[in-house]
Amino acid sequence: MERIEARNFIDSYAMDDSNSSVLLDLAKLDYNLIQSVYQQELKQLAEWWSELNFKEKLSFSRDRLMEIYFWATGLSFEAQYAKCRICFTKYACLATVVDDIHDIYGSLEELECFTKAVTGWDVKVVQELPEYMRVMFLAISDFTNELAQQTLKDHGLDVLPYIKEQWAILCRAHITEARWFYGGQTPTFDEYIENAWISIGSLGRLVLLCFVEADSIVNQFPNCLKDYSQLFYWSSLITRLSDDLGTSKAEMERGDIPKAVQTYMIEKGVSEETARNHVKELISNSWKKINEEILDNRFSRAIVNLSKNMARTAQCIYQHGDGFGTSTGVTKDCIISSILRPIPI
């Protein structure tokens with residue numbers, strides 16, 4: 001992540017006897033200035049999250065506001081991308097709770113009803129849902145309408161159907177995994193990947209960020225979303241595979257479905273080490289595909305950078321294990337240094 005690299009370089013440069021004190025102080029001031037912007041955004045997001053009151057209403061769900069915002073700074077660290085960071089954080093926080101509903105709380109019957117409600121955006125179906133699912137749908141609906149209205153105001157684009165579609169795509173991916181789990185099925189590696197690159201949630205994040213950065217796509221909308229499909233796919237695949245390398249063992253112990261490493265082991269009859277090496281090779285090849293897409297001059301540089309940085313940040317967060325689910329050790333240190341603790345001057 002560029003932000004972490006900047007902090008590391010500043011600390012390293014400070015140890016260089018030949019450094020320029022003026023340049024060093026300027027770098028520290030700039031770093032701290034952006035950090036103060038982050039803290040203001042976090043305050044705003046914390047108020048939004050507190051108003052949702054998921055801690056009480058959906059007590060089984062994860063509170064990962066800080067970790068998700070840290071991820072958002074990895075996508076676009078510059079001060080002028082505040083709207084991107086805020087949109088990303090809100091969507092990802094909600095998507096994380098949707099994931100928890102499917103993974104650890106809802107029955108299959110309830111999950112089927114929730115999927116039907118989201119895919120149809122049907123108020124009558126919503127009213128028949130359990131209370132905790134109605135709370136979730138209301139939060140999704142409020143966020144969706146807020147983003148759609150803001151995009152219409154800022155860019156003159158009606159994106160409401162496209163935001164709804166991304167929630168439907170995400171929930172269909174989650175219900176597929178739930179059916180595997182409750183049916184005691186182990187998907188093939190290819191079946192798993194075909195669904196898992198969507199269930200990780202990166203596709204929805206990237207599509208929604210297109211609407212925030214719509215100045216760069218307004219003349220090509222909505223056809224541009226198809227143009228970006230391969231770029232979004234490879235970025236999402238890296239995110240999924242990085243997540244699986246860092247978290248799959250712990251998730252399997254909790255009773256989740258087999259992930260990339262396990263499905264490959266089962267299907268091919270190979271060791272865990274061989275399977276993990278295969279996944280790492282897929283990540284490497286996916287980066288080559290992203291680099292090919294980056295060379296396409298039709299693409300907005302802003303969208304390209306968001307897609308590229310989605311994958312970069314995923315590898316950063318999961319390289320030492322589950323940096324999202326536990327955020328201890330290296331990840332916690334990175335969050336503190338990049339967001340909370342300014343550089344002494």
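Worth knowing before you read on, the calculation uses all heavy atoms, side chains too, and leaves out hydrogens, waters and symmetry mates.
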Assess whether a salt bridge exists between [X] and [Y], defined as any Lys/Arg side-chain N lying under 4.0 Å from an Asp/Glu carboxylate O.
X      : Y      : result
Glu273 : Arg276 : no
Lys83  : Glu213 : no
Lys259 : Asp243 : no
Lys90  : Glu146 : yes

Can you confirm whether [X] sits close enough to [Y] that some side-chain heavy atom of one is under 4.5 Å from a side-chain heavy atom of the other?
X      : Y      : answer
Thr144 : Leu160 : yes
Lys153 : Gln150 : yes
Arg205 : Trp71  : yes
Leu45  : Ile86  : yes
Asp99  : Arg62  : yes
Glu272 : Val261 : yes
Gln230 : Glu292 : no
Gln35  : Leu340 : no

Single-linkage hydrophobic cluster [X]~[Y], side-chain heavy atoms < 4.5 angstrom:
X      : Y      : answer
Leu138 : Trp48  : no
Phe9   : Ile4   : no
Leu203 : Ile200 : no
Ile294 : Tyr233 : yes
Phe299 : Leu75  : yes

If you take the centroid of each ring, where Trp contributes its six-membered ring, are [Y] and [X] closer together than 6.0 Å?
X      : Y      : answer
Tyr132 : Tyr105 : yes
Tyr162 : Phe221 : yes
His155 : Phe211 : no

Does [X] use its side chain to pair, donor to acceptor, with the backbone of [Y] at less than 3.5 Å?
X      : Y      : result
Thr115 : Leu111 : yes
Glu110 : Ser107 : yes
Trp197 : Glu194 : yes
Thr176 : Arg172 : yes
Asp122 : Ala117 : no

Under 3.5 Å side-chain donor-acceptor pair for [X] and [Y]:
X      : Y      : result
Asn195 : Trp180 : no
Glu293 : Tyr228 : no
Asn223 : Lys226 : no
Thr274 : Ser271 : yes
Asp16  : Ser18  : yes

Just verifying a value: how many Å separate [X] [atom1] and [Y] [atom2], rounded to the nearest 0.5 Å?
X      : Y      : atom1 : atom2 : value
Ser61  : Ile104 : OG    : CD1   : 7.5 Å
Ser337 : Arg3   : OG    : CZ    : 9.0 Å
Phe54  : Lys57  : CZ    : NZ    : 8.0 Å
Asn277 : Ser284 : CG    : OG    : 12.0 Å
Leu241 : Glu281 : CG    : CD    : 12.0 Å
Asp100 : Arg64  : CG    : CZ    : 8.5 Å

In Ser199, Ser202, Ser235, Ser286, the residue satisfying side chain to side chain donor-acceptor pair (under 3.5 Å) with Arg240 is Ser199
From the list Tyr318, Tyr264, Tyr192, side chain to side chain donor-acceptor pair (under 3.5 Å) partner of Asp244 resolves to Tyr192
Minimum heavy-atom distance between [X] and [Y], given as atom pair plus value:
X      : Y      : result
Glu191 : Thr188 : OE1-N, 2.9 Å
Thr89  : Leu65  : CG2-CD1, 3.6 Å
Met310 : Thr239 : CG-OG1, 3.7 Å
Phe70  : Cys334 : CZ-CB, 3.7 Å
Glu78  : Arg85  : O-NH1, 2.6 Å
Leu237 : Ile193 : CD1-CG2, 3.8 Å

| field | Chi angles and distances behind the side chain to side chain contact (heavy atoms under 4.5 Å, CB included) call for Trp49, Asp63 | value | CA-CA 9 Å; Trp49 187 244; Asp63 179 352; 3.2 Å; yes
Q: Apply side chain to side chain contact (heavy atoms under 4.5 Å, CB included) to Leu152 and Leu157, showing your working.
A: CA-CA 5 Å; Leu152 185 63; Leu157 297 178; 5.9 Å; no
Exercise for review: Quick one: sort the Trp167 and Phe143 rings into parallel, tilted or perpendicular, breaks at 30° and 60°.
Suggested key: perpendicular
Is it the case that over 12 heavy atoms from other parts of the model lie below 6.0 angstrom from the [atom1] atom of [X]?
X      : atom1 : value
Phe60  : CZ    : yes
Glu56  : CD    : no
Glu112 : CD    : yes

Item to complete: Apply ring-ring contact (aromatic ring centres under 6.0 Å, His included) to His102 and Phe181, showing your working.
Response: CA-CA 10 Å; His102 285 80; Phe181 176 78; over 10 Å; no
**Message:** Could you check whether Arg312 makes a cation-pi contact with Trp287, meaning its NZ or CZ is under 6.0 Å from the centre of the six-membered ring and within 45° of the ring axis?
**Reply:** no
Subject >> Stepwise side chain to side chain contact (heavy atoms under 4.5 Å, CB included) test for Val212 and Leu147 >> reply: CA-CA 8 Å; Val212 178; Leu147 177 58; 4.1 Å; yes
* Might you work through the side-chain hydrogen bond (donor to acceptor under 3.5 Å, both in side chains) test for Lys308 and Asn305, ending with a clear yes or no? => CA-CA 5 Å; Lys308 176 184 64 178; Asn305 287 334; 3.3 Å; yes
For the pair Asn145 and Gln149, evaluate side chain to side chain contact (heavy atoms under 4.5 Å, CB included) and give the outcome as yes or no after the intermediate values. CA-CA 6 Å; Asn145 291 327; Gln149 290 170 11; 4.2 Å; yes
